Amino acid sequence: MFDISPTEWTAVQLSLRVATVATLVATPLGIAVAWLLARRDFWGKAVLDALIYLPLVLPPVVTGYLLLLTFGRRGLVGAWLADHLGIVLAFRWTGAALACGVMSFPLLVRPIRLSIEAVDRRLEQAAETLGAAPFRVFLTITLPLALPGVLAGMVLGFAKAIGEFGATITFVSNIPGETQTISSAIYSLIQTPDGDSAALRLVVVSVLIAFAALVASEVLARRATKRLHGN
Amino acid sequence: MLRVDVAKQLGEFSIEASFTSEGRVTGLFGDSGAGKTSLINMIAGLLRPDRGIIAIDGETLDDTAAQIHVPAHRRRIGYVFQDARLFPHLDVRQNLDYGRRMNRLADDPAQRQRVIDLLDIGGLLDRRPGQLSGGERQRVAFGRALLSKPRLLLLDEPLGSLDAGRKVEILPYLIRLRDEARIPMVYVSHDVAELRQLATQIVMLRRGRIAAFGGVKVLPGTSA
């Protein structure tokens with residue numbers, strides 16, 4: 001039963017790579033957006049807020065198709081990227097990472113935003129009076145104090161990215177070795193006669209990954225909180 | 001020399017204050033709600049006046065007519081808050097060092113040791129703010145502000161959150177600070193006894209306006 005075939009391994013490794021890249025690229029952007037939403041008032045804030053949460057409420061197929069229209073070979077952004085930077089996203093694993101990043105972005109941003117909002121602004125003022133310019137206040141006070149939220153956001157985002165299916169399969173299809181993640185591999189196996197036991201193996205693997213991510217987040221968050229409050 | 005001539009509207013409440021102080025310790029006296037904290041927040045650069053001028057030793061920090069507003073982090077004005085506001089994720093040593101790092105000042109172990117001795121906080125350096133008593137926290141906050149080498153030190157009711165016993169514990173340090181640190185201070189308080197011991201000059205604030213200005217004699221209950 002636990003004899004995982006090379007094809008299945010490829011799907012598992014690809015999923016891990018896609019989710020890791022998606023999370024690592026999305027995190028700095030997510031922190032910046034979370035800070036903007038938590039700390040700044042600007043024109044169009046409500047629109048930005050809605051835009052970020054859109055992938056959470058749109059059918060994933062719609063998000064995937066919109067990505068294809070935008071980042072596809074003939075899409076507005078996709079054509080430019082291909083012509084000028086030689087970057088092709090459609091039907092590549094990098095495209096899968098983009099789809100996963102977009103889909104998991106709301107889950108990544110929310111805990112970070114909440115934890116930045118919870119940082120006492122009076123501490124930031126104190127840092128200013130001690131000579132810290134705004135960006136250094138952010139780096140030395142706000143971000144370290146919001147760290148448990150950042151970790152929570154990263155884990156949630158990672159877990160969502162691992163499981164993403166609809167947008168990914170729409171945007172980059174289901175190509176073994178290139179874009180076939182655990183989810184799309186399970187989907188294919190269920191469609192195949194005699195695929196049941198292989199599908200079940202991948203189901204067990206994905207449950208294990210999700211479980212490990214949640215345990216890791218709990219441990220990290222507890223350690224970060226302990227470090228922040230020193231007892 | 002500190003020159004303040006500002007106006008600020010805060011909801012229903014307005015502040016209009018003008019004074020010049022040469023004193024070593026300017027006592028800002030008034031009941032709660034008189035506008036004391038808003039006034040020193042303007043001096044610190046944390047609050048922007050609607051109109052007016054703030055200048056220290058001839059350097060303009062705020063001049064609304066000339067559209068000058070030096071941001072708080074470039075003012076080199078230390079601030080000790082009523083609630084200490086130590087950084088919870090840093091130990092005492094790192095809290096004390098924060099201002100030096102942010103101002104990119106050279107390390108000055110002699111000065112650091114002087115401040116640590118003056119405030120008697122040598123035994124606390126490895127602790128986190130969460131492990132300090134209220135009085136210890138406030139002493140570290142004094143040290144943190146002093147070590148950023150400010151040209152003016154603002155103290156907003158630094159004893160306000162402490163009980164009577166703790167006040168008696170801290171007051172001698174403040175007197176030493178005044179006599180040894182050679183940094184002009186603005187000391188906010190509603191406690192006549194505290195100001196009588198510390199201040200060399202009094203600005204009395206009532207409902208956002210200056211009600212009296214002069215030596216400690218202007219404090220209520222002082223017989224000439």
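Atom set for the values below is all heavy atoms of this structure, side chains included, hydrogens, waters and symmetry mates excluded. In what follows, chains carry the letters A, B, and so on, assigned in the order in which the sequence lines appear, proteins first and then strands, with residues in each chain numbered from 1. Predicted, not measured: the structure shown is a model, and the values here were computed from it.
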With sequence neighbours left out, write down each residue that passes side-chain hydrogen bond (donor to acceptor under 3.5 Å, both in side chains) with B:Thr64, or none if nothing qualifies.
none
Main-chain N/O of A:Arg136 paired to B:His73 side chain as donor or acceptor, under 3.5 Å:
no
Set of side-chain hydrogen bond (donor to acceptor under 3.5 Å, both in side chains) partners for B:Arg151, sequence neighbours left out:
B:Glu59
By a 4.5 Å heavy-atom criterion (distance strictly below it), what part of B:Arg74 contacts chain A: side chain, backbone, both, or neither?
neither
side-chain hydrogen bond (donor to acceptor under 3.5 Å, both in side chains) pairs touching residues 153-162 of chain A, sequence neighbours excluded, are none
Search all heavy atoms of B:Phe87 against all heavy atoms of A:Leu123 and return the closest pair with its distance.
CE2-O, 3.4 Å
B:Tyr79 vs A:Leu130, side-chain contact (heavy atoms from CB on, under 4.5 Å): CA-CA, chis, key distance, verdict:
CA-CA 8 Å; B:Tyr79 198 147; A:Leu130 289 162; over 6 Å; no
Counting only non-hydrogen atoms closer than 4.5 Å, can you tell me which residues of residues 36-56 of chain A sit against chain B?
none
When the 4.5 angstrom heavy-atom criterion is applied to B:Asp91 and chain A, the contacting part is neither
Side chains of A:Ile141 and B:His89: does their closest heavy-atom pair fall under 4.5 Å?
yes
Between atom CG of B:Leu46 and atom CD of A:Glu128, what is the distance when rounded to the nearest 0.5 Å?
6.0 Å
Neighbour count >12 (heavy atoms, 6.0 Å) for atom NE2, B:His190:
no
Which atoms of B:Leu86 approach chain A - backbone, side chain, both or neither, heavy atom under 4.5 Å:
backbone
Heavy-atom pair count under 4.5 Å with chain B, highest-scoring of A:Ala126, A:Gly131, A:Pro134, A:Ala127:
A:Gly131
Donor-acceptor pair, B:Arg75 side chain versus A:Thr129 backbone, under 3.5 Å?
no
Look at atom CG of B:Asp31 and say whether more than 12 heavy atoms of other residues, nucleotides or ligands are closer to it than 6.0 Å.
no
Looking at B:Arg100, I'd like to know if its CZ atom is crowded, meaning that more than 12 non-hydrogen atoms belonging to other residues, nucleotides or ligands lie closer than 6.0 Å.
yes
When rounded to the nearest 0.5 Å, the distance separating CD of B:Gln82 from CZ of A:Arg122 is 10.0 Å
Contact class of B:Arg76 relative to chain A, heavy atoms under 4.5 angstrom:
neither
Take atom CZ in A:Phe211; do more than 12 heavy atoms of anything else shown fall under 6.0 Å from it?
no
Counting only heavy atoms closer than 4.5 Å, note whether B:Arg127 contacts chain A via side chain, backbone, both or neither.
neither
So does B:Arg176 have more than 12 non-hydrogen atoms from other groups sitting under 6.0 Å from CZ?
yes
Look at atom CD1 of B:Ile175 and say whether more than 12 heavy atoms of other residues, nucleotides or ligands are closer to it than 6.0 Å.
yes
